[in-house]
Amino acid sequence: LWDWNVETGELTWSDEHFRMEGYEPGEIVPSYEIWSDRVHPDDRSATEGKIRDAMESGCEYLNEYRVCHPTGEVRWLSARGRFLFDDDGKPVRMLGAMVDTTQRRREEEWQRLLVAELQHRVRNLIGMVRSVARLSAPSHRNVSDYVDHLIGRLQAMGRTQSTLTRSPGRNVDLAELVREELLVHAAQPHQYHLDGPPIALSPHAAEIVTLAVHELATNSIKYGALGDTGYIRIVWTTLEKNGKPWMTLRWQETAPQRKTKFNRKGFGRRLIEERVPYELQGEGRFDIHDTGVLAQL
């Protein structure tokens with residue numbers, strides 16, 4: 001609360017008003033100049049203008065503005081007050097109250113960020129779904145098989161979207177991404193080994209890498225190490241190329257015996273060899289050896 005004697009300049013603040021301005025109660029003698037000095041430079045002119053308008057018009061003073069504390073912290077305050085006038089219409093006093101709206105402002109900004117992130121993610125997701133559906137079709141001989149595989153791929157994409165929307169704007173930890181996909185495929189700790197430095201993938205890269213790991217794990221259950229008594233080594237490293245950070249990921253399986261031969265280029269292989277170069281301007285290789293699959297992104 002505040003009480004301003006316009007004629008004498010005397011200003012009275014409540015204890016909480018002192019704190020909102022960045023002072024301890026009673027630390028200073030309040031004045032218009034001291035109050036104005038704490039108003040954010042970008043808001044000062046407009047704030048003082050609204051006070052003048054309220055003084056001249058007799059209308060209610062309503063304003064939301066920022067104040068700068070000595071610690072460097074910037075707080076948002078919402079104020080409302082009214083001038084009292086004498087019989088001649090001259091302003092003699094102003095009474096008002098204000099509340100700290102910093103938290104509300106932060107929540108509104110967070111909400112705007114969420115909405116913007118959601119819009120961006122939905123646009124990208126629709127494009128990815130369209131691409132996955134189209135690429136999946138030639139790999140299957142019947143509708144039932146196509147639907148089963150498409151659902152698995154969409155679920156993998158959904159897991160990535162869930163991670164991204166929990167913390168909008170942030171990148172995705174590669175190790176967490178790989179572990180989650182292996183867990184979904186019921187891979188046991190003795191069946192694989194992960195090794196590599198901490199890497200934060202961009203949202204778009206995370207979508208592609210998730211699908212790649214999903215396809216490799218699915219194929220491994222059918223034809224490779226996860227379906228036999230085999231073993232998978234997943235290793236990633238970082239490097240610098242043209243002044244920018246890059247990563248390489250290597251998926252190497254060791255299985256006692258292959259169950260079947262690959263006679264066609266399936267979705268997973270096309271994803272690695274074609275979509276990685278197209279979507280991420282990178283390189284993808286998928287090789288089949290007697291001992292198992294070797295894939296490199």
Side-chain angles (χ1 to χ4, degrees), residues 117 120-121 123-136 139 149-187 191-221 224-226 232-241 244-253 265-287 292-297:
E117 179 75 10
H120 175 70
R121 296 255 60 81
R123 285 195 298 269
N124 282 358
L125 187 58
I126 290 174
M128 285 288 292
V129 169
R130 187 167 54 241
S131 176
V132 167
R134 185 172 59 249
L135 287 173
S136 296
S139 304
H149 283 81
L150 181 59
I151 288 174
R153 288 156 188 162
L154 295 179
Q155 287 174 334
M157 294 169 61
R159 288 190 289 274
T160 305
Q161 298 304 314
S162 177
T163 300
L164 292 171
T165 52
R166 280 197 301 269
S167 299
R170 85 170 179 94
N171 292 335
V172 179
D173 180 69
L174 174 60
E176 178 185 345
L177 180 155
V178 174
R179 284 194 185 94
E180 185 168 357
E181 280 305 310
L182 292 173
L183 181 64
V184 167
H185 288 80
Q191 293 179 293
Y192 63 87
H193 172 74
L194 306 183
D195 186 33
I199 291 181
L201 295 177
S202 69
H204 186 51
E207 291 170 340
I208 302 298
V209 173
T210 296
L211 277 175
V213 174
H214 171 80
E215 291 302 312
L216 289 167
T218 300
N219 289 336
S220 183
I221 290 174
L226 293 181
I232 305 174
R233 283 183 56 84
I234 306 169
V235 181
W236 58 87
T237 57
T238 58
L239 67 152
E240 188 171 303
K241 186 166 70 172
K244 295 182 178 180
W246 286 72
M247 61 152 262
T248 62
L249 185 145
R250 179 185 177 98
W251 172 293
Q252 185 169 14
E253 296 189 28
K265 194 171 186 178
F267 175 86
R269 187 166 188 170
R270 294 177 66 188
L271 176 76
I272 291 170
E273 294 183 342
E274 299 175 15
R275 300 304 291 180
V276 168
Y278 177 76
E279 297 282 356
L280 303 178
Q281 290 77 55
E283 298 175 5
R285 296 211 309 273
F286 186 97
D287 300 309
V293 168
L294 173 61
Q296 298 183 84
L297 310 180

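For reference, positions follow the sequence shown, starting with 1.
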Whether Trp236 side chain and Pro197 backbone form a donor-acceptor pair below 3.5 Å: yes
Nearest atoms (heavy-atom pairs only) where Leu297 meets Ala212: CD1-CB, 4.1 Å
Test side-chain contact (heavy atoms from CB on, under 4.5 Å) applied to Ala205 - qualifying residues, sequence neighbours left out: Leu201, Ser202, Leu280
Greater than 12 external heavy atoms within 6.0 Å of Lys241's NZ: yes
Residues that Gln296 engages under side-chain contact (heavy atoms from CB on, under 4.5 Å), provided they are two or more places apart: Arg250, Arg285, Leu294
Worked check of side-chain contact (heavy atoms from CB on, under 4.5 Å) between Arg275 and Arg270: CA-CA 7 Å; Arg275 300 304 291 180; Arg270 294 177 66 188; over 6 Å; no
Sole candidate of Leu174, Asp195, Leu182, Val213 that passes side chain to side chain contact (heavy atoms under 4.5 Å, CB included) when paired with Ile234: Leu182
Any Arg179 side-chain heavy atom under 4.5 Å of Leu194 side chain: yes
Nearest atoms (heavy-atom pairs only) where Phe286 meets Ala295: CD1-CB, 4.2 Å
Heavy-atom pair of closest approach, residues Ile199 and Thr237: CD1-O, 4.2 Å
Minimum-distance pair of heavy atoms, taken over all atoms of Asp173 and Glu176: OD2-N, 2.9 Å
Glu279 CD to Glu207 CD distance, which is reported to the nearest 0.5 Å: 8.5 Å
Derivation and outcome, side-chain contact (heavy atoms from CB on, under 4.5 Å), residues His214 and His185: CA-CA 8 Å; His214 171 80; His185 288 80; 3.3 Å; yes
Ile232/Gln252 under side-chain contact (heavy atoms from CB on, under 4.5 Å): CA gap, chis, key distance, verdict: CA-CA 6 Å; Ile232 305 174; Gln252 185 169 14; over 6 Å; no
Nearest heavy atoms of Lys244 and Trp246, plus distance in Å: O-CD1, 3.2 Å
Heavy-atom side-chain proximity of Asn171 to Pro203 below 4.5 angstrom: yes
From CD (Glu181) to OG1 (Thr210), nearest 0.5 Å: 6.0 Å
Stepwise side-chain contact (heavy atoms from CB on, under 4.5 Å) check, Val293 with Asn219: CA-CA 9 Å; Val293 168; Asn219 289 336; over 6 Å; no
Results of side-chain contact (heavy atoms from CB on, under 4.5 Å) for Leu183 - residues two or more places apart only: none
Residue pair Leu271 / Glu215: nearest heavy atoms and the distance that separates them: CD2-CG, 4.4 Å
Expected output: side-chain Ser220 to main-chain Ala225 donor-acceptor under 3.5 Å: yes
